[in-house]
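Residue indices begin at 1 and follow the sequence shown. All values derive from a computational prediction rather than experimental measurement.
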Amino acid sequence: MCLLNCSKLFIFALACLICSSAHAFQCEWNFSPQNQYDTSPDGDLAETTGIDAADFNGDGFLDVAVSNRKTDEVRIFAGDGEGNLSYLSAVTVGTEAIPRYVVSGDFDGDGDIDAATANWGDGAVDGGYNGGSVSILLNDGFGNLTEVDKLFFLRSSCIAVSDIDNDGDPDLIVPHWDDGAGDPGAVDGVATILINNGQAFFSGVDVPIGNLPRGVDVGDLDFDGDLDIAVSNLGDNTVTIIENVGAGNFETVASISVGSQPRFVAIGDLDQDGLGDLAVVNKDDNSLWILKNYGGMVFAEVGIYSTYVYPHSTTIDDINGDCKLDVIVSHVGGAGAEKYVYIYENDGQALMVNIFELRSIKAPAHVITADMNVDGRPDILTADTNDGGYTSIHLSDFEPSVCAQCSGDLDRNGTVDVGDLLATIAAWGKCGPGDLDGNGTVDVGDLLAIIDAWGECEIPVRSIDKPEPTRR
């Protein structure tokens, strides 16, 4: 499935297809120098670890919410539609609450985007493992949030938002430690699925997971139309798979062994077979595991790749516009080490064939993608923990004209002809360079576009050296 508008990104996708097959051109993974924004109020050490993008002030442009775990607050920064941010508002979620992540959605159905945080230490009176909560933050319509409810769990370490029961209201998924079985570091955890009634009132369904959960994502893992859940468990080196069996019921169906201390998990169809695959980053052995979904909730490792120092989170998106989902990993790095976001280029079969290193100075803890300057290309955003707290935006700067200029010339011989007709037919029913009308699949509309452009289009050729792919 193509996650971006193929019509906007077609030429770049074609260019990269030609580059990978003909080894004649370098399609640059260009990003503008990162824009960094201080998220620390009054110079305090914010330790920003969570980030989300949504239109909080209702002006039509994406804004950014960050969670500051040292100052116990969520800060909203307004976006201007050109990739720039300015401070808008802040809300405190408690004393020593330690909000680690923030997510967004219209929880009360009033048309404004609200937020929720997973708080690591709320209510802990002795600094021990006996605190934790989720804060529900409602929006006044102008980007000002107010905490209206707090739901208490033990060590709410991560959070996801999705319409898990398919009723039109965003629900919350909260993995946490089990507070009913003695030492919380020695027992399995619980994922609480908080079902929203449409007015920001939530009721929970508990499902058992692994030990010390630290990451969660939501996606359709069995191709039945329902959203399922994956949780990475740092304590026992597993990923728990939770199946949505419908009617508000959920079952733990698999526990998958991965690398050492899995810190985060992301779901995406990496091999284009309609089933959600898994990307897992492991903090202790600095690795990225790719797990292919074989159907029936059966997963197996198909690739293990080195990361930089202390990978902290991962997300999946089509970064280079070829309709193949890539994997992005953030790293907090070690003391004195450089800081990077890595982009792993996917060949469409869940194999990572290239790594692009994106310098990110302030220790990126959480990474997401969003189109912050409304150009149809996904930008990379991070919550950064160093030097107080920052959020960074890496704007995508791809130049489609580097490799090609003619959308209909799929075989790049300088004219639209029978070769391009055959290429269109060969890609029938898929999303890729042949999707000339940008409707998400190659079909009769694209065939007509080829015929309409018959015999036209000359392409200037540039000779650019292409480095050999690197697999780590």
Side-chain angles (χ1 to χ4, degrees), residues 4 8-9 11-12 15-16 26-40 43 46-53 61-66 68 75-88 307-315 317-321 326-334 336-345 354-403 462 464-465 467 470:
L4 301 173
K8 292 181 180 178
L9 293 175
I11 298 177
F12 182 76
C16 286
Q26 169 67 25
C27 299
E28 300 288 347
W29 296 62
N30 293 325
F31 288 85
S32 297
Q34 69 184 104
N35 294 327
Q36 294 182 323
Y37 300 90
D38 191 348
T39 58
S40 298
E47 289 195 16
T48 307
T49 56
I51 186 169
D52 199 9
F61 301 126
L62 286 178
D63 310 309
V64 170
V66 298
N68 293 338
R75 293 203 143 204
I76 306 296
F77 292 83
D80 65 356
E82 297 181 358
N84 304 302
L85 299 179
S86 59
Y87 172 76
L88 179 62
T307 67
Y308 191 61
V309 182
Y310 297 147
H312 202 271
S313 75
T314 184
T315 191
D317 203 345
D318 179 10
I319 297 298
N320 62 350
D326 308 301
V327 179
I328 307 96
V329 176
S330 64
H331 310 80
V332 294
E338 298 287 347
K339 318 298 181 186
Y340 292 98
V341 172
Y342 277 9
I343 305 171
Y344 295 79
E345 182 184 6
N354 266 311
I355 300 175
F356 178 80
E357 295 180 349
L358 183 62
R359 178 82 182 278
S360 189
I361 300 171
K362 299 292 185 180
H366 188 201
V367 62
I368 63 171
T369 60
D371 183 7
M372 297 302 296
N373 57 352
V374 201
D375 65 354
R377 297 174 290 195
D379 307 307
I380 292 178
L381 291 72
T382 59
D384 306 335
T385 62
N386 268 15
D387 301 328
Y390 285 82
T391 187
S392 296
I393 298 178
H394 303 262
L395 293 176
S396 175
D397 236 0
F398 293 128
E399 293 294 340
S401 60
V402 168
C403 293
R462 295 179 58 186
I464 304 174
D465 293 333
T470 300

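Of all heavy-atom pairs spanning Q34 and I361, the tightest one is OE1-N, 3.2 Å. A pairwise comparison of heavy atoms in Y344 and V329 identifies CE1-CG2, 3.7 Å as the closest pair. Residue P364 comes nearest to Y340 through the heavy atom pair CG-O, 3.8 Å, listed as atom of the first residue, atom of the second, then distance. L88 approaches A78 most closely through the heavy-atom pair CB-N, 4.1 Å. S313 and A365 make their closest contact through OG-O, 3.3 Å (heavy atoms, listed as atom of the first residue, atom of the second, distance). The two residues H394 and S360 come nearest to each other via the heavy atoms NE2-OG, 3.5 Å.
For E338, the side-chain hydrogen bond (donor to acceptor under 3.5 Å, both in side chains) criterion is met by R359, not counting sequence neighbours. Residues satisfying the side-chain contact (heavy atoms from CB on, under 4.5 Å) criterion with Y37, sequence neighbours excluded, are N35, N84, L85, T391, I393. For H331, the ring pair (Phe, Tyr, Trp, His ring centres under 6.0 Å) test picks out Y308, Y342, with sequence neighbours left out. Partners of S40 under the side-chain contact (heavy atoms from CB on, under 4.5 Å) rule, at least two apart in sequence or in another chain, are D38, A46. Under the side-chain contact (heavy atoms from CB on, under 4.5 Å) criterion, S396 pairs with F31, R377, D379, F398, sequence neighbours left out. Residues satisfying the side-chain hydrogen bond (donor to acceptor under 3.5 Å, both in side chains) test with T39, not counting sequence neighbours, are T48. Scanning for side-chain hydrogen bond (donor to acceptor under 3.5 Å, both in side chains) contacts around D52 gives S104, with sequence neighbours left out. For the side-chain hydrogen bond (donor to acceptor under 3.5 Å, both in side chains) test, no residue two or more places apart in sequence or in another chain qualifies with Q36. A search for salt bridge (Lys or Arg N to Asp or Glu O under 4.0 Å) contacts involving K339 returns nothing, not counting sequence neighbours. Listed by chain and number, the residues in a salt bridge (Lys or Arg N to Asp or Glu O under 4.0 Å) with D387 are K362 (sequence neighbours excluded). Checked against ring pair (Phe, Tyr, Trp, His ring centres under 6.0 Å), H366 has the following partners two or more places apart in sequence or in another chain: Y101, F264.
Side-chain contact between D375 and L395: absent, with no pair of heavy atoms (C-beta onward) separated by less than 4.5 Å. Contact check for D371 versus P378: no side-chain heavy atoms found under the 4.5 Å cut-off. With contacts defined as side-chain heavy-atom distances shorter than 4.5 Å, the pair T382/I51 does not qualify. Contact annotation: the side chain of V64 approaches that of V66 to within less than 4.5 Å [non-hydrogen atoms, C-beta and beyond].
Using modelled atom types, one side-chain atom of D63 and one backbone atom of G79 make a donor-acceptor pair closer than 3.5 Å. Judged purely by atom type and a 3.5 angstrom limit, T315 has no side-chain atom pairing as donor or acceptor with the backbone of I368. No side-chain donor-acceptor contact under 3.5 Å links D384 to the backbone of N386.
Annotation for F356: atom CZ counts as buried by contact number, over 12 foreign heavy atoms lying within 6.0 Å.
Here L381 contributes atom CG and T369 contributes atom OG1; the two are 8.0 Å apart, rounded to the nearest 0.5 Å. The distance from atom CD1 of I380 to atom CD1 of I319, rounded to the nearest 0.5 Å, is 4.5 Å. The line from CG of N68 to OG1 of T385 is 11.0 Å long, rounded to the nearest 0.5 Å.
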